[in-house]
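What follows is one structure encoded as structure tokens, with my remarks underneath.
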Amino acid sequence: MSKIVPYILLAISLILFSLIQSGISLGSLGPFVVIAMILCPILALILGIRNSGKGKWISVVLSVVVILTVSLIGIIGTAFLNEF
């Protein structure tokens with residue numbers, strides 16, 4: 001069970017990201033969704049490091065890619081909000 005938890009956390013993060021990108025209004029839950037979208041890949045990275053075998057490296061690489069992607073899009077989004 002512990003070997004699939006990082007993948008579940010990454011899936012949750014990607015689902016939350018797609019909800020935000022599609023423009024679904026989350027109302028007062030918006031800040032919590034953004035925080036969860038950032039914390040899920042970090043937790044997946046921590047749990048992925050604890051795993052063993054090939055799955056360890058796959059989950060670590062996927063976690064890093066998701067963290068970098070969410071961070072980059074957040075930075076670009078902030079730049080556009082400040083620009084207009």
Side-chain angles (χ1 to χ4, degrees):
M1 179 67 180
S2 68
K3 290 189 178 197
I4 62 169
V5 173
Y7 300 112
I8 293 172
L9 289 170
L10 288 173
I12 290 171
S13 178
L14 293 175
I15 289 169
L16 293 175
F17 183 74
S18 66
L19 286 174
I20 289 174
Q21 287 295 330
S22 65
I24 294 177
S25 176
L26 300 169
S28 63
L29 294 176
F32 297 114
V33 170
V34 172
I35 291 170
M37 190 175 66
I38 294 168
L39 287 179
C40 282
I42 293 170
L43 289 173
L45 179 65
I46 293 169
L47 293 174
I49 291 172
R50 291 184 177 180
N51 284 342
S52 61
K54 290 182 182 178
K56 172 183 180 175
W57 297 110
I58 293 171
S59 65
V60 167
V61 169
L62 286 176
S63 297
V64 169
V65 167
V66 170
I67 290 170
L68 292 176
T69 303
V70 169
S71 300
L72 180 66
I73 290 176
I75 291 169
I76 291 172
T78 304
F80 279 127
L81 287 176
N82 288 334
E83 185 69 29
F84 297 110

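Positions are given from 1, in the same order as the sequence printed here.
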Looking at every heavy atom in both S13 and V66, which two are closest together, and how far apart are they? OG-CG1, 3.9 Å
Would I8 end up clustered with L10 when hydrophobic side chains under 4.5 Å apart are linked, directly or stepwise? yes
Applying the 4.5 Å side-chain criterion to the ILVMFWY set and letting contacts propagate, would L68 and I75 be lumped into a single cluster? no
Distance-only criterion, 3.5 Å: show the donor-acceptor pairs between side-chain atoms of residues 43-60 and protein atoms not counting sequence neighbours.
residue	atom	partner	partner atom	Å
S59	OG	G55	O	3.1
S59	OG	K56	O	3.0

Transitive ILVMFWY side-chain link V61 to Y7, under 4.5 Å: no
Taking the side chain as every heavy atom from C-beta outward, state whether V33 and L19 have any pair of such atoms under 4.5 Å apart. no
With a 4.5 Å cut-off on side-chain heavy-atom distances among I, L, V, M, F, W and Y, is there a chain of contacts connecting V64 to I42? yes
Matching residue for V34 among I20, L16, V70, L39 - test: side chain to side chain contact (heavy atoms under 4.5 Å, CB included): I20
Is there a path of hydrophobic side-chain contacts, each under 4.5 Å between heavy atoms, that joins L14 and I73? yes
